[in-house]
Amino acid sequence: MSENIPLRIIAHIHSDFPTKFGIPRQSGLIHELKAAVVFEPEYRNPDALRGLEGYTHIWLIWQFSETARQGWSPTVRPPRLGGNTRMGVFASRSPFRPNPVGLSSVRLERIELQSPFGPILHVAGADLMDNTPIYDIKPYLPYVDSHPDAAGGFALQSREGFLQVNVPSGLLERIPPDRRDALLAVLAQDPRPAYQNTPDRVYGMEYAGFEIRFTVSGHTLTVCEIIAE
């Protein structure tokens with residue numbers, strides 16, 4: 001049996017993150033984030049989605065396209081551990097894997113069957129960069145996919161560590177209304193790498209066609225500028 005099985009890209013996701021900086025560290029953390037899964041021409045067949053409307057969540061199996069050619073490492077430095085402690089790659093969700101494959105659980109908001117690009121899946125809570133290739137889509141089954149008593153290893157076990165977000169009057173209005181709540185939620189999650197903690201440093205994050213510049217001091221994130229790109 002051949003060890004090389006080709007994977008076909010069936011779709012790409014379109015999100016508000018053109019770069020990886022600022023993307024939530026896991027799927028499902030920020031439900032306000034919207035994205036769309038657009039199928040490649042070969043797979044724009046509505047029959048392939050028959051019955052999917054009965055599910056509220058789906059699994060996206062996708063490619064770590066930014067690291068696909070960089071190889072893998074048996075140990076990695078998880079950001080949650082400050083970037084200094086090495087753990088096994090198979091105990092992490094690092095993109096530097098033997099096969100650069102990611103897995104995300106997202107909410108299926110609606111299925112748009114008729115569009116110029118064929119069927120489109122509108123999803124929420126994705127942790128994918130814009131134009132990420134999608135290999136497969138599977139329904140999320142709560143009776144087997146949910147394990148409330150599972151141990152989480154060295155990963156955070158609660159939604160702790162939120163920052164207070166301060167946006168000067170008038171700045172937030174530059175962001176389209178349907179993108180504001182998601183932006184505030186992303187900033188509150190602290191998009192910086194865990195090992196960076198310089199109070200006077202100005203960070204820049206691309207989001208929905210804007211560059212968001214901010215600083216972090218203590219538990220407060222302050223937006224300095226919002227610039228249309």
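Just so it is clear, the structure is predicted and the values come from calculations on it, not from any experiment.
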### Query
With no hydrogens and no angle check, is any side-chain donor or acceptor of His147 less than 3.5 Å from a backbone partner on Val144?
yes
### Task
List the steps, then state whether side-chain contact (heavy atoms from CB on, under 4.5 Å) holds for Thr132 with Phe64.
CA-CA 8 Å; Thr132 293; Phe64 281 110; over 6 Å; no
### Side chains of Tyr203 and Leu221 in contact at under 4.5 Å (non-hydrogen atoms)
no
## Note on the structure
Only one of Tyr207, Phe214, Phe162 passes side chain to side chain contact (heavy atoms under 4.5 Å, CB included) with Leu187, and that residue is Phe214
### Task
Let me know which of Lys34, His31, His122 forms a side-chain hydrogen bond (donor to acceptor under 3.5 Å, both in side chains) with Glu109.
Lys34
### Spatial distance of atom CD (Glu40) from atom NE2 (His12) [nearest 0.5 Å]
5.0 Å
### Query
When you look at CD of Glu229, are more than 12 heavy atoms from neighbouring residues, nucleotides or ligands closer to it than 6.0 Å?
yes
### Query
Run the side-chain contact (heavy atoms from CB on, under 4.5 Å) check on Ser15 and Leu33 step by step: do they pass?
CA-CA 8 Å; Ser15 73; Leu33 282 177; over 6 Å; no
### Task
Could you note down all residue pairs passing salt bridge (Lys or Arg N to Asp or Glu O under 4.0 Å) where residues 119-147 supplies at least one of them, sequence neighbours left out?
Asp136-Lys138
### Query
Does a side-chain heavy-atom distance below 4.5 Å link Ile120 with Val37?
no
### Message
Taking Tyr143's backbone N and O only, do any of them form a donor-acceptor pair with Ser146's side chain (distance below 3.5 Å, no angle check)?
### Response
no
### Message
So, taking the atom named CG in Leu121 and the one named CD1 in Ile13, what distance separates them when rounded to the nearest 0.5 Å?
### Response
9.5 Å
### Message
For Ala185 versus Glu32, what's the shortest heavy-atom pair and its separation?
### Response
CB-OE1, 3.9 Å
#### Entry: Within one Ile-Leu-Val-Met-Phe-Trp-Tyr cluster: Val38 and Leu108, side-chain cutoff 4.5 Å
no
### side-chain contact (heavy atoms from CB on, under 4.5 Å) between Thr220 and Leu163, intermediate numbers included
CA-CA 5 Å; Thr220 300; Leu163 298 177; over 6 Å; no
### Query
Any idea which heavy atoms bring Ser115 and Gly118 closest together, and the distance?
OG-O, 2.5 Å
### Query
Does the distance from a Lys or Arg side-chain N to an Asp or Glu carboxylate O, for Arg213 and Glu211, drop under 4.0 Å?
yes
### Message
Can you pull out every ring pair (Phe, Tyr, Trp, His ring centres under 6.0 Å) where at least one residue sits in residues 123-142? Sequence neighbours excluded, please.
### Response
His57-Tyr140, Trp59-Tyr140
#### Entry: CD-CZ distance between Gln189 and Arg25, expressed to the nearest 0.5 angstrom
7.5 Å
#### Entry: Flag side-chain contact, heavy atom, 4.5 Å: Ile111 against Leu52
yes
#### Entry: 4.5 Å side-chain heavy-atom contact, Val186 and Ile30
yes
### Message
Within the structure provided, determine whether Thr222 and Ser217 are in side-chain contact (heavy-atom separation under 4.5 Å).
### Response
no
### Task
Indicate the atoms forming the closest heavy-atom contact of Gly22 with Pro191, along with that distance.
CA-CB, 3.7 Å
### Query
Hey, does the side chain of Arg86 reach the backbone of Thr75 with a donor-acceptor pair shorter than 3.5 angstrom?
yes
### Task
Taking the side chain as every heavy atom from C-beta outward, state whether Leu7 and Asn99 have any pair of such atoms under 4.5 Å apart.
no
### Query
Do you know the tightest heavy-atom contact between Pro133 and Trp62?
O-CB, 3.2 Å
### Task
Spell out, yes or no, whether Leu172 and Val165 are grouped together once hydrophobic residues are joined by side-chain heavy atoms under 4.5 Å, including indirect joins.
yes
### Query
Taking all non-hydrogen atoms of both residues, which atom of Pro46 and which atom of Leu113 are closest, and how far apart?
CB-CD2, 4.3 Å
### Query
How about Ile134 and Ile9: do any of their side-chain heavy atoms sit closer than 4.5 Å?
no
### Task
Using atom types as modelled and distance alone, determine if a side-chain donor or acceptor of Arg44 lies under 3.5 Å from a backbone N or O of Phe117.
yes
### Pairwise distance CD1(Ile137) to CD1(Ile58) - rounded to 0.5 angstrom
5.5 Å
### Query
So if you build clusters from Ile, Leu, Val, Met, Phe, Trp, Tyr with side-chain heavy-atom gaps below 4.5 Å, do Leu184 and Ile226 land together?
yes
### Summary
For Val223 and Leu171, the nearest pair of non-hydrogen atoms, with its separation, is O-CD1, 3.9 Å
### Query
Cluster question for you: counting only ILVMFWY and a side-chain heavy-atom cut-off of under 4.5 Å, with indirect links fine, are Leu29 and Phe21 together?
yes
### Message
Main chain of Ala124, side chain of Arg107: is a donor-acceptor contact present, judged purely on distance under 3.5 Å?
### Response
no
### Message
Let's go through Met129 and Ile23 carefully: what are the C-alpha distance in whole Å and the side-chain angles of both, what is the deciding distance for side-chain contact (heavy atoms from CB on, under 4.5 Å) to 0.1 Å, and is it a yes or a no?
### Response
CA-CA 7 Å; Met129 191 171 68; Ile23 295 176; 3.6 Å; yes
### Query
Just by modelled atom types, is the Asp47 backbone N or O under 3.5 Å from a matching donor or acceptor in the Asn45 side chain?
yes
### Query
Is it the case that Gln26 and Arg93 place a side-chain donor and acceptor less than 3.5 Å from each other?
yes
### Query
Do Arg97 and Ser73 come close enough that some side-chain heavy atom pair is under 4.5 Å?
no
### Residue pairs fulfilling side chain to side chain donor-acceptor pair (under 3.5 Å) with at least one residue in residues 165-181, sequence neighbours excluded
Asp16-Arg179
#### Entry: Hydrophobic cluster membership, Tyr55 vs Ile61, 4.5 Å side-chain cutoff
no
#### Entry: Polar side-chain atom of Ser27 near backbone of Ser105 as donor-acceptor pair, under 3.5 Å
yes
